[in-house]
Amino acid sequence: MPYIGFARSPHGPIKTYELILEWLREKGFNVGFSKHHWAGDLPFGLIVAETQKGPVAVRWSLGREFTIRLEEVEGETFEEFVEDTVEYTNADSG
């Protein structure tokens with residue numbers, strides 16, 4: 001089953017990417033592949049990961065502290081979430 005998530009982080013893109021992947025591992029997700037999209041002029045990004053539990057997409061934005069929530073969704077909802085976020089940011093990959 002796919003998962004989407006929302007995170008806040010006081011850190012920049014690279015540290016936030018590391019924190020989200022670490023959080024996923026702590027929650028039992030074995031990440032096989034991941035990709036990070038962000039826009040240099042916008043304070044948010046998107047992390048997409050392939051895991052043994054299914055694909056995961058986490059949209060992050062700047063905040064005072066690191067928080068994250070994750071929910072299971074249908075495949076169509078997952079695809080729309082990823083497409084809408086990437087389209088909105090016109091993101092660069094890292």
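Note that the structure is predicted; figures quoted are calculated from it, not measured.
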K.L.:
Indicate the atoms forming the closest heavy-atom contact of Lys53 with Lys27, along with that distance.
P.N.:
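Answer, listing the atom of Lys53 first, then Lys27: NZ-O, 3.3 Å.
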K.L.:
Taking all non-hydrogen atoms of both residues into account, name the closest pair between Pro2 and Gly75 and its distance.
P.N.:
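The answer is CG-CA, 3.8 Å.
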K.L.:
Under a 3.5 Å distance rule, please check whether Thr77 uses its side chain to pair with a backbone N or O of Val73 as donor and acceptor.
P.N.:
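No.
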K.L.:
Do Val82 and Phe6 belong to the same hydrophobic cluster, where Ile, Leu, Val, Met, Phe, Trp and Tyr are linked whenever their side-chain heavy atoms lie under 4.5 Å apart, directly or via other members?
P.N.:
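They do share one cluster, since a chain of ILVMFWY contacts under 4.5 Å joins Val82 to Phe6.
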K.L.:
Apply the test side-chain contact (heavy atoms from CB on, under 4.5 Å) to residues Leu70 and Val56: give CA-CA distance (whole Å), side-chain angles for both, the deciding distance (0.1 Å), then the verdict.
P.N.:
CA-CA 9 Å; Leu70 202 62; Val56 177; 3.9 Å; yes
K.L.:
What distance separates Phe33 CZ from Lys35 NZ, expressed to the nearest 0.5 Å?
P.N.:
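Rounded to the nearest 0.5 Å, the CZ-NZ separation comes out at 6.0 Å.
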K.L.:
Using 30° and 60° as the class boundaries, would you call the ring planes of Tyr17 and His36 parallel, tilted or perpendicular?
P.N.:
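It falls in the parallel class, under 30°.
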K.L.:
For Leu62, I'd like to know if atom CG has over 12 heavy atoms of other residues, nucleotides or ligands within 6.0 Å.
P.N.:
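More than 12 heavy atoms, drawn from other residues, nucleotides or ligands, come within 6.0 Å of this atom.
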K.L.:
Tyr3 and Phe78: ring-ring contact (aromatic ring centres under 6.0 Å, His included), yes or no, with the steps?
P.N.:
CA-CA 7 Å; Tyr3 296 83; Phe78 177 85; 9.2 Å; no
K.L.:
Is the backbone of His11 close enough, under 3.5 Å, to the side chain of Thr16 for a donor and an acceptor to pair up by distance?
P.N.:
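Yes.
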K.L.:
Roughly how far, to the nearest 0.5 Å, is CZ of Arg64 from OG of Ser9?
P.N.:
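Answer for the OG-CZ pair, Ser9 versus Arg64, is 14.0 Å.
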K.L.:
May I ask you to decide if Asn30's main-chain N or O and Gln52's side chain share a donor-acceptor pair within less than 3.5 Å?
P.N.:
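Present.
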K.L.:
Between Phe66 and Pro10, which heavy-atom pair has the shortest distance, and what is it?
P.N.:
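Residues Phe66 and Pro10, closest heavy atoms: N-CD, 3.7 Å.
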K.L.:
For the residue pair Phe44 and Trp38, what are the closest heavy atoms and their distance?
P.N.:
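Looking at all heavy atoms of both residues, the shortest contact is O-CB, 3.8 Å.
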K.L.:
Kindly give the heavy-atom pair with the smallest separation between Trp60 and Pro13, and that separation in Å.
P.N.:
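Closest pair (atom of Trp60, atom of Pro13, distance): CZ2-CA, 3.8 Å.
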K.L.:
Can you spot which of Leu21, Thr51, Leu24 makes a side chain to side chain contact (heavy atoms under 4.5 Å, CB included) with Ser34?
P.N.:
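When side chain to side chain contact (heavy atoms under 4.5 Å, CB included) is applied between Ser34 and each of Leu21, Thr51, Leu24, only Leu21 qualifies.
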K.L.:
Is it the case that atom CD in Glu26 sees more than 12 heavy atoms from other parts of the structure closer than 6.0 Å?
P.N.:
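Yes, CD of Glu26 has more than 12 neighbouring heavy atoms, counting only those of other groups under 6.0 Å.
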K.L.:
Verify whether one side chain among Thr85 and Arg59 offers a donor that lies under 3.5 Å from an acceptor in the other.
P.N.:
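Short answer, yes.
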K.L.:
For side-chain contact (heavy atoms from CB on, under 4.5 Å), just list the numbers for Ile68 and Ile20, CA-CA rounded to whole Å, side-chain angles, deciding distance to a tenth of an Å, and then say yes or no.
P.N.:
CA-CA 8 Å; Ile68 187 170; Ile20 290 172; 4.2 Å; yes
K.L.:
What are the two closest heavy atoms between Arg8 and Ser61, and how far apart are they?
P.N.:
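In terms of heavy atoms, the two residues are closest at NH1-OG, 3.0 Å.
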